[in-house]
Every structure is written in structure tokens, then in C-alpha cells.
Asks: 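One structure is given below, represented as C-alpha cells, and several questions about it will come after.
This structure is a prediction, so every number in the text was calculated from the model and none was measured.
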Amino acid sequence: MSKKTPYWLDYLQHPAHLMAVGVGCVAALVASLPWGGDGFGLTLLAMAALETVAIAVIPGLPRFRQWADEQERNRTLNQMYARLQAEIEAHGGSDHLQNFLRMTDRVASLYRMAEDAHSTLTRFDVQQLEDTTIDFLRLCLSDAAMKEARHKGSDSESTIRNKLHEVQQAMQRPDLSQHEMVQLRRAESDFSEALRRHSRMASRRAMLDAALLSMPIRMDEVYQMVMTAPRSGNMGSLLEESLAKLRISEEVSMDLDQELGLPIPPYRSAAPVAAPQAPAATAPRKRATIQTRN
């Protein structure tokens, strides 16, 4: 995921910068009381000089870039959460959304653990785990889309086989014209493809069910592993092993997105800037919410 907004724009939107501008405007007004327009103008001129220096220096600082990257990542993640949940709702909902909420609770707790100076867990480790919650929501969307297709009365495998058999029997008639034979062959091809697609979707349905059940369990395993041994020296290798298993579910979700034609772009966050010893303050992470159907 490439950076969408320049760092200088992030600086202009930083809460501390906005507060400094407000304080400067108040100072200019106060200076204008005893010295009139000269005091007001000189104060604004000093503010402009400081602003020029700040906008040239601050956006290049590692701590500031870490803050800006974190803000953009959170915005992108929340947008994906909102879009996926809206799509799930539009397709009739999924019974697995409560597990998604539990996974985001685990991630929030791991973020707090990563702030502990004595823990070997890093924010980058937690961000990789957080990315898997997007994959889980994709799986929930695939689950909702498949259920919607069944509820709309899609033909069963036996129905498709019967129709294919009827077409093949009709093709045996000796009095068929060339035009009728072409149409029957086309129908045979369509039914055969529908049968193959039905078989593929059945296998994918099994993979989907397995992934929806296993991902929350794997997330719980990672959570318990970190909480019981937060200072473990081989935390990185243990997390990588767990993430490798979770990424299998990511491949399943992308495969199903393509098969079902779901209009959701891929998401994968970029590696963050290495955190300094005293990380920049970040906005509090919002707790993920889900919408339930009555």
C-alpha cells in the first residue's frame, strides 16, 4: 500500500500544528492591542517564518513519518472495514461477524501489549495480525454471497445433471436440423460448465467453512502465546509461523472474491517506519463495530 497523501499535508493537518496556528492568531490579536497593526503584522510575519522552517524540517523526521503512516493506515483500514461490512449487509449478513469483533478485540489488546517496553512484541507484528481481520471479513462476505445465492433458488447439482441428461438425449434424435444440433450442443456446453462450476463452488464452500472456523482459533492461539510469554526471545519466529497459517486463509478469501465476482479491491498494508524509542503520539484506535440484522 503506497502513501496516498504527502507528508507535508499530514503536517498541516496535525492537531499540534492546528493548535499552534490558533495560538499564533490569538497572539497576533493580543499584540495588536498595544502596538496596533504593526504588532499584528510582525507577529504574523514571525509565524510565517516559523511555519516555513517547520514545513521544511518536520515532515522529514522519522517520528513524524511514523505518526503520518499510522494515521493513513488507520484511515485505509477503517474504510475497508466499512465497505466490507456494507457489502456483507447488502448480501444478507453472515453468522461469523461476532468472531470478527472478537478478533479485533484481541488485536486492540495486543497493541497495548506492544507498547510495553519489556515486551518483545512490536507494533509491526500486531499490524500483520490486524491485516488478517480484513481477510476474515472477506471470508464473511463470501459466506454471505453464497448463502444469498442459495436463498435465491440457484439450481442444485442434481437439477443441472437432469437438464444435461435431457439435452444429451435430445441430441440423439435422428430428425434434428443442423441449427437445432448447434443449439443443443451449446446448451450441453453450458450445462457442463455449470456442473463444473457447481463442483468448484462446493469445494470452495468447504474451504470457506474451514477458514471461518480456524482463523478466530488461530488468533486466540497467538493472543494466548503473547500474553503468557510477552518477553520470549523467539517471538518473531513464533508469530511468523502463525501468520503463515493465517495467510492461507487470505489466499482462500481472494480466490473466492474472484470466483463470486465481489467488487472488493485487495488490501495489504505497507511496512511502517521503524518506531523510535519514544514513539509519536497516535490517535486512539477505534473499536471495530458490526451491524446486525433484525
Asks: If only atom types and distance count, is the side chain of Asn78 paired as donor or acceptor with the main-chain N or O of Asn74 below 3.5 Å?
Replies: yes
Asks: Can you list the steps and then say if Thr122 with Asp125 is a side-chain hydrogen bond (donor to acceptor under 3.5 Å, both in side chains)?
Replies: CA-CA 5 Å; Thr122 66; Asp125 293 332; 3.0 Å; yes
Asks: Got a second to check how far Ile88's CD1 is from Leu97's CG, nearest 0.5 Å?
Replies: 5.0 Å
Asks: For a 4.5 angstrom cut-off between non-hydrogen side-chain atoms, does Arg112 reach Ser109?
Replies: yes
Asks: Please examine the side chains of Arg161 and Leu164, heavy atoms only from C-beta on, and report whether any two atoms are closer than 4.5 Å.
Replies: no
Asks: Could you check, using the six-membered ring where one of them is a Trp, whether Trp67 and Phe64 have ring centers closer than 6.0 angstrom?
Replies: yes
Asks: Using salt bridge (charged side-chain N to carboxylate O under 4.0 Å, His left out) as the criterion, point out the one residue from Arg123, Arg106, Arg73 that pairs with Glu130.
Replies: Arg73
Asks: Indicate if Tyr11 and Val23 have the same hydrophobic cluster label, given that clusters are the connected sets of ILVMFWY residues with side-chain heavy-atom separations under 4.5 angstrom.
Replies: no
Asks: Donor-acceptor check, side chain of Thr132 to backbone of Asp135, threshold 3.5 angstrom: yes or no?
Replies: no
Asks: Would you say Ile55 ends up clustered with Leu61 if hydrophobic residues are merged whenever their side chains have heavy atoms under 4.5 Å apart, either directly or through other cluster members?
Replies: yes
Asks: Given the rule in the side-chain contact (heavy atoms from CB on, under 4.5 Å) test, do Val107 and Tyr223 qualify, once you have shown the distances and angles that lead to the verdict?
Replies: CA-CA 8 Å; Val107 168; Tyr223 177 78; over 6 Å; no
Asks: Do Thr133 and Tyr81 get their side chains close enough for a donor-acceptor pair, meaning under 3.5 Å?
Replies: yes
Asks: Between Leu12 and Leu18, is there a side-chain heavy-atom distance shorter than 4.5 Å?
Replies: no
Asks: With side-chain contact (heavy atoms from CB on, under 4.5 Å) as the test, would you mind laying out the steps for Gln85 and Leu141 before giving the verdict?
Replies: CA-CA 8 Å; Gln85 290 182 51; Leu141 175 56; over 6 Å; no
Asks: Do Arg65 and Asp10 meet the salt-bridge criterion of a basic N to acidic O distance under 4.0 Å?
Replies: no
Asks: Could you walk me through whether His17 and Gln13 pass the side-chain hydrogen bond (donor to acceptor under 3.5 Å, both in side chains) check?
Replies: CA-CA 7 Å; His17 172 259; Gln13 297 172 344; over 6 Å; no
Asks: Does any N or O in the side chain of Ser142 come within less than 3.5 Å of the main-chain N or O of Arg138, such that one atom is a donor and the other an acceptor?
Replies: yes
Asks: Please find the pair of heavy atoms, one from Ala211 and one from Leu139, that lie closest to each other, and give the distance.
Replies: CB-CD1, 3.7 Å
Asks: Between Ile58 and Val53, is any pair of side-chain heavy atoms under 4.5 Å apart?
Replies: no
Asks: Is it the case that the side chain of Ser214 and the backbone of Ala210 share a donor-acceptor pair, with hydrogens and angles ignored and the cut-off at 3.5 Å?
Replies: yes
Asks: Pairs under 3.5 angstrom only: tabulate donor-acceptor contacts from the side chains of residues 27-43 to other protein residues two or more places apart or in another chain.
Replies:
| from | atom 1 | to | atom 2 | distance (Å) |
| --- | --- | --- | --- | --- |
| Ser32 | OG | Leu29 | O | 2.5 |
| Thr43 | OG1 | Gly39 | O | 2.7 |

Asks: Between Asp69 and Tyr7, is any side-chain donor less than 3.5 angstrom from a side-chain acceptor?
Replies: yes
Asks: Sort out for me which residue in His96, Gln98, His91 forms a side chain to side chain contact (heavy atoms under 4.5 Å, CB included) with Ser94.
Replies: His96
Asks: What's the separation between atom CD1 in Ile134 and atom CZ in Arg83, rounded to the nearest 0.5 Å?
Replies: 11.5 Å
Asks: Ignoring hydrogens and angles, tell me if any N or O in the side chain of Gln71 forms a donor-acceptor pair with the backbone of Ala68 under 3.5 Å.
Replies: no
Asks: So, for Ala54 and Pro59, which heavy atoms are closest and what is the spacing to 0.1 Å?
Replies: O-CD, 3.4 Å
Asks: Give, for atom CE of Met181 and atom CD of Glu188, the distance between the pair rounded to the nearest 0.5 Å.
Replies: 9.5 Å
Asks: Within this structure, what is the CZ-CG distance for the pair Phe136 and Asp131, rounded to the nearest 0.5 Å?
Replies: 15.5 Å
Asks: Can you confirm whether Leu212 sits close enough to Asn99 that some side-chain heavy atom of one is under 4.5 Å from a side-chain heavy atom of the other?
Replies: no
Asks: For side-chain contact (heavy atoms from CB on, under 4.5 Å), just list the numbers for Gln127 and Tyr111, CA-CA rounded to whole Å, side-chain angles, deciding distance to a tenth of an Å, and then say yes or no.
Replies: CA-CA 9 Å; Gln127 285 175 355; Tyr111 268 117; 3.1 Å; yes
Asks: CD/Gln168 to CD/Glu166 distance, rounded to the nearest 0.5 angstrom?
Replies: 11.0 Å
Asks: With a 4.5 Å limit on heavy-atom distance, are the side chains of Phe100 and Pro216 in contact?
Replies: no
Asks: Using the rule that two of Ile, Leu, Val, Met, Phe, Trp, Tyr join whenever any of their side-chain heavy atoms come within less than 4.5 Å, decide whether Val26 and Met47 are in one cluster.
Replies: no
Asks: Between Lys147 and Asp95, which heavy-atom pair has the shortest distance, and what is it?
Replies: NZ-OD2, 3.0 Å
Asks: Shared ILVMFWY cluster between Met227 and Met103, side chains joined below 4.5 angstrom?
Replies: yes
Asks: May I ask you to say whether Asp190 pairs ionically with Arg186, meaning some side-chain N is under 4.0 Å from a carboxylate O?
Replies: no
Asks: Step by step, work out the side-chain contact (heavy atoms from CB on, under 4.5 Å) result for Val222 and Arg218.
Replies: CA-CA 6 Å; Val222 173; Arg218 287 171 182 162; 5.7 Å; no
Asks: CD of Glu70 to CZ of Arg75: how many Å apart, nearest 0.5 Å?
Replies: 11.0 Å
